[in-house]
Amino acid sequence: MAGEGDTSEHLHLGGSLGLVAIHGGGIEPGTEEIARFVAYHSGASLYVYAGRRAAGNLSLHRPSHRMKLQDRPLVMKFLNHVNMAISIHGHGRNERCAYVGGLHQAMVHQFVKVAQAALGEYEWIFDPESIPLEIRGQNPSNIVNLPPAQGMQLELPRDLRRTKPTPDGSKLEPAGDALVLSRLLVSYISTVLSPDIS
């Protein structure tokens with residue numbers, strides 16, 4: 001169990017689509033910054049669970065479907081508010097591959113088309129059978145699949161999670177290809193909310 005100060009939670013209730021980063025902070029670096037950027041610029045809701053240790057945050061990692069986040073009050077508020085979700089994760093496998101999972105397959109397929117056009121130097125793998133089992137986002141207990149319309153899980157390599165300090169040095173923000181991806185998600189959210197894929 002994480003001690004006091006080892007982790008933090010953050011909730012912002014905005015639109016009916018929610019951004020999730022349950023391995024934020026030092027657990028999967030860059031995922032929290034992308035989720036915050038996209039939520040802020042799109043008006044989406046946001047839930048973050050983050051590791052705040054100076055070192056050793058990876059030991060705080062728990063698989064999404066085993067974290068029992070639905071037992072946490074802030075998660076319940078989030079889930080009671082949103083209709084669908086996009087969950088941001090990081091992986092350490094092939095650095096030119098991004099895996100797109102989750103149970104909202106219409107969202108997955110439409111997003112991959114957009115991502116391939118904007119970030120074609122990466123391989124966007126979305127066939128569940130081609131995604132490693134532990135990062136498919138297919139488990140019904142995964143937080144991304146708990147909203148009524150379920151959601152999409154992005155598993156990103158390091159280059160798609162790069163960050164840099166803000167000009168005042170107070171926090172980190174997406175940089176390079178991670179910024180391109182973040183802006184892509186912001187523009188995509190209005191499409192996600194259209195009737196044909198909800």
Exercise for the section: Identify the heavy atoms of Ile143 and Pro147 that sit nearest to each other, and give their distance. Expected result: O-CD, 3.3 Å
Exercise for the section: Check whether any side-chain heavy atom of Tyr188 sits under 4.5 Å from a side-chain heavy atom of Met107, and report yes or no. Expected result: yes
Problem - Heavy-atom closest contact (Asn145 atom, Gln138 atom, distance) - result: ND2-C, 3.9 Å
Exercise for the section: Say whether, by atom type as modelled, one donor and one acceptor occur between the side chain of Asn83 and the main chain of Ser16 under 3.5 angstrom. Expected result: no
Practice task
Give the minimum heavy-atom separation between Thr166 and Ser170, together with the two atoms involved.
Solution key: OG1-N, 3.4 Å
Practice task
Determine whether Phe37 and Leu17 fall in the same hydrophobic cluster, where Ile, Leu, Val, Met, Phe, Trp and Tyr are linked whenever their side-chain heavy atoms lie under 4.5 Å apart.
Solution key: yes
Fill in the blank from the handout: d(Ile34 CD1, Ile86 CD1) to nearest 0.5 Å is 12.0 Å
Handout entry: Which atom of Asn142 lies closest to which atom of Gly137, heavy atoms considered
Key = ND2-CA, 3.7 Å
Problem - side-chain contact (heavy atoms from CB on, under 4.5 Å) between Leu119 and Leu160, intermediate numbers included - result: CA-CA 10 Å; Leu119 290 160; Leu160 285 173; 4.0 Å; yes
Completion exercise
Value for CG (Leu146) from CE (Met84), rounded to nearest 0.5 Å, stands at 14.5 Å
Exercise for the section: Kindly indicate whether the side chain of Ile22, heavy atoms from C-beta on, has any atom under 4.5 Å from the side chain of His89. Expected result: yes
Problem - Gap between atom CG of Leu103 and atom CZ of Arg136 - 0.5 Å precision - result: 12.0 Å
Handout entry: Note, Leu11 side chain near Lys77 side chain (heavy atom, < 4.5 Å)
Key = yes
Handout entry: Check: Trp124 side chain, Val114 main-chain N or O, donor-acceptor pair, under 3.5 Å
Key = no
Exercise for the section: Take the angle between the ring planes of Tyr47 and Phe78 and call it parallel below 30°, perpendicular above 60°, tilted in between. Expected result: tilted
Handout entry: His23-Tyr49 aromatic ring centre distance below 6.0 Å
Key = no
Handout entry: Side chain to side chain, Ile189 and Leu19, heavy atoms closer than 4.5 Å
Key = yes
Practice task
Identify whether the distance between the nearest side-chain nitrogen and carboxylate oxygen of Arg93 and Glu134 falls below 4.0 Å.
Solution key: yes
Completion exercise
Across all chains, not counting sequence neighbours, the side chain to side chain contact (heavy atoms under 4.5 Å, CB included) partners of His10 are His12, Arg36, Leu46, Val48
Problem - Gap separating the CD atom of Gln110 from the CE atom of Met152, nearest 0.5 angstrom - result: 10.5 Å
Exercise for the section: State whether the side chain of Glu28 and the backbone N or O of Gly25 hold a donor-acceptor pair below 3.5 Å, judged by distance alone. Expected result: no
Handout entry: Intermediate values then yes/no, side-chain contact (heavy atoms from CB on, under 4.5 Å), Arg72 and Met76
Key = CA-CA 6 Å; Arg72 295 175 175 272; Met76 291 311 301; over 6 Å; no
Throw together a table of side-chain donor-acceptor distances under 3.5 angstrom for residues 171-186, partners on residues two or more places apart or in other chains.
| unit_1 | atom_1 | unit_2 | atom_2 | d |
| --- | --- | --- | --- | --- |
| Asp177 | OD2 | Tyr122 | OH | 2.5 |
| Ser182 | OG | Ala178 | O | 2.7 |

Exercise for the section: Please determine if Glu32 and Arg52 form a salt bridge, counting it only when a charged side-chain N lies under 4.0 Å from a carboxylate O. Expected result: yes
Problem - Approximate separation, where rounding is to 0.5 Å, of His91 NE2 and Thr31 OG1 - result: 12.5 Å
Handout entry: Asp127 and Ile131, any side-chain heavy atoms less than 4.5 Å apart
Key = no
Exercise for the section: Give the cluster check for Leu156 versus Tyr99: same hydrophobic cluster or not, with ILVMFWY residues linked at side-chain heavy-atom distances below 4.5 Å. Expected result: no
Exercise for the section: For residues Arg96 and Asn94, report the shortest heavy-atom separation together with the two atoms involved. Expected result: N-OD1, 2.8 Å
Problem - Leu13 side, atom CG; Leu74 side, atom CG - distance, nearest 0.5 Å - result: 9.0 Å
Handout entry: Glu95 bridged to Arg158 by N-O distance under 4.0 Å
Key = yes
Handout entry: Considering all heavy atoms, the nearest Ile88-Ala35 contact
Key = CG1-CB, 4.3 Å
